[in-house]
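Below is one structure, written out as structure tokens; the observations come after it.
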2 protein chains.
Amino acid sequence: MRTLTRKGAATRQRILEGAAALIREHGVAATTLDDVLSETATSKSQLFHYFPGGREELLLAVARFEAGRVLEDQRPQLDDLSSWPAWDAWRDKVVDRYRRQGRLCPLNSVTSHLGDRTPGAQAVVTELMRRWQAEIATGVRRMQDAGQIGQGLDPDRTAAAILAGIQGGVLIQMSTGRTTHLEASLDQSLAYLKDSARQVCDRR
Amino acid sequence: MRTLTRKGAATRQRILEGAAALIREHGVAATTLDDVLSETATSKSQLFHYFPGGREELLLAVARFEAGRVLEDQRPQLDDLSSWPAWDAWRDKVVDRYRRQGRLCPLNSVTSHLGDRTPGAQAVVTELMRRWQAEIATGVRRMQDAGQIGQGLDPDRTAAAILAGIQGGVLIQMSTGRTTHLEASLDQSLAYLKDSARQVCDRR
DNA sequence: CGGAAAATGGACTCGCAAGTCCAAAAGCGA
DNA sequence: TCGCTTTTGGACTTGCGAGTCCATTTTCCG
């Protein structure tokens with residue numbers, strides 16, 4: 001596959017998105033290549049033409065595809081964590097995003113199926129986490145600059161804790177179907193940050 | 001399988017633990033029934049004798065087995081969250097437990113493979129979370145009674161947030177291999193709880 | 001318009017792993 | 001010890017799904 005004509009690119013994309021849709025709905029284990037073919041009205045030769053590595057390469061592409069959406073779905077709120085109302089709006093956006101997504105987390109599903117044999121999958125997740133955490137940390141720093149968050153907090157470590165809470169909330173949602181834990185975690189984190197500012201004032 | 005002789009029970013247990021060991025090491029996808037057989041020195045007829053439902057039933061049994069270990073591994077610290085040193089000791093125990101476990105989380109692996117077709121797997125996880133959260137909540141209440149945690153906090157919701165942080169920390173560890181996020185989350189939660197007590201004092 | 005490269009259809013192979021089966025050995029209770 | 005039940009060995013079947021292959025059509029570009 002040296003070059004890709006417009007038609008070819010469209011087909012490749014159709015396969016990719018079709019596979020992602022099936023996985024989001026039924027999970028990885030229940031999604032065969034033949035399912036993808038009939039879903040996207042393509043033939044086997046096409047799939048292996050655009051994804052020479054077969055199933056594994058396709059799953060990895062789906063992982064990248066899904067990973068790319070995660071942060072995008074949080075914009076523009078994630079970009080501007082510079083006031084408490086902005087943080088609250090972001091919190092609502094995150095909760096809403098995962099409530100819509102439902103019980104299945106495609107990214108977790110894909111990576112846990114690719115397992116450790118395909119280091120690429122872990123790399124995709126790790127990179128996503130790194131970027132996500134960095135964006136949150138930027139928000140923390142802005143609030144510190146504005147005197148809204150205590151100076152004593154390490155922005156990066158704080159962001160790590162918030163991120164862990166989100167991930168765990170989503171994970172628990174996968175078995176319970178509820179966003180209760182996600183909300184509780186975000187609310188606790190935000191409360192902690194808000195308190196940290198107040199304590200600084202109290203001490204003066 | 002009406003009754004189970006002593007020998008039969010031992011064999012069944014050997015199969016179960018062997019399967020759990022393989023899954024902990026290689027993950028579910030890379031573990032076949034034949035692998036389990038050679039690992040445990042048993043034959044196919046034995047496996048299907050003790051797990052008539054085949055692979056699915058065995059995986060569910062492994063899930064239950066692993067779920068049972070989770071809380072046990074946190075005792076006795078989890079049982080006595082009645083002082084800050086006790087909470088800190090529990091925190092260390094949890095971090096240590098998951099650091100030892102390494103990158104693979106057998107429970108997540110199994111449930112994500114059984115997927116939504118086997119509701120039993122989700123039930124196992126849900127029940128584990130419920131119990132885990134309840135035990136943490138008990139600890140919160142004790143600390144409230146002792147005036148060490150602010151009365152304004154909802155024990156159950158607080159426990160939910162702590163639990164989410166733990167789960168997320170472990171999940172992130174699965175791709176990064178590090179317990180950084182787990183530690184950051186637990187530390188942030190504990191700091192929040194400790195602050196909640198101090199604020200109550202300040203207000204008086 | 002013409003030829004090379006890309007895209008497509010779909011039948012075919014092939015290996016793996018789940019699950020079946022039956023006969024033989026071992027255990028158990030009376 | 002006897003007879004019944006449980007346990008065990010391991011060969012066999014079977015189905016599914018990944019991956020291969022080649023002929024044909026379509027697209028691209030000079």
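Letters A, B, ... mirror the listed sequences (proteins, then strands); counts begin at 1.
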For [X] and [N], is the shortest distance between a side-chain N/O and OP1 or OP2 below 4.0 Å?
| X | N | answer |
| --- | --- | --- |
| Thr42(B) | dT8(D) | no |
| Thr11(B) | dT7(D) | no |
| Tyr50(B) | dT6(D) | no |
| Gln46(A) | dT8(C) | yes |

Would you mind reading off the distance between [X] atom [atom1] and [N] atom [atom2], rounded to a whole angstrom?
| X | N | atom1 | atom2 | answer |
| --- | --- | --- | --- | --- |
| Ile15(A) | dA7(C) | CD1 | P | 11 Å |
| Phe51(A) | dT20(D) | CZ | P | 16 Å |
| Leu4(A) | dT27(D) | CG | P | 15 Å |
| Leu47(A) | dG17(D) | CG | P | 15 Å |
| His49(B) | dT5(D) | NE2 | P | 13 Å |
| Asp35(A) | dG19(D) | CG | P | 15 Å |

Letter by letter from the 5' end, nucleotides 18-28 of chain C scores (B base, S sugar-phosphate only, - none; protein heavy atoms under 4.0 Å) BBBB----SS-
Suppose we screen for side chain to side chain donor-acceptor pair (under 3.5 Å). Which residues come up paired with [X], at least two apart in sequence or across chains?
| X | result |
| --- | --- |
| Arg141(B) | none |
| Thr31(A) | none |
| Asp92(A) | none |

Sorted by chain and number, sequence neighbours left out, salt bridge (Lys or Arg N to Asp or Glu O under 4.0 Å) with Asp73(A) holds for Arg97(A)
For this session: Check the angle between the aromatic planes of Trp87(A) and Trp90(A) and answer parallel, tilted or perpendicular using the 30° and 60° thresholds.
Result: perpendicular
Side-chain donor-acceptor pairs of residues 107-115 of chain B under 3.5 Å, sequence neighbours excluded:
| unit_1 | atom_1 | unit_2 | atom_2 | d |
| --- | --- | --- | --- | --- |
| Ser109(B) | OG | Val28(B) | N | 3.4 |
| Thr111(B) | OG1 | Leu107(B) | O | 2.9 |
| Thr111(B) | OG1 | Asn108(B) | O | 3.2 |
| Ser112(B) | OG | Ser112(A) | OG | 2.6 |

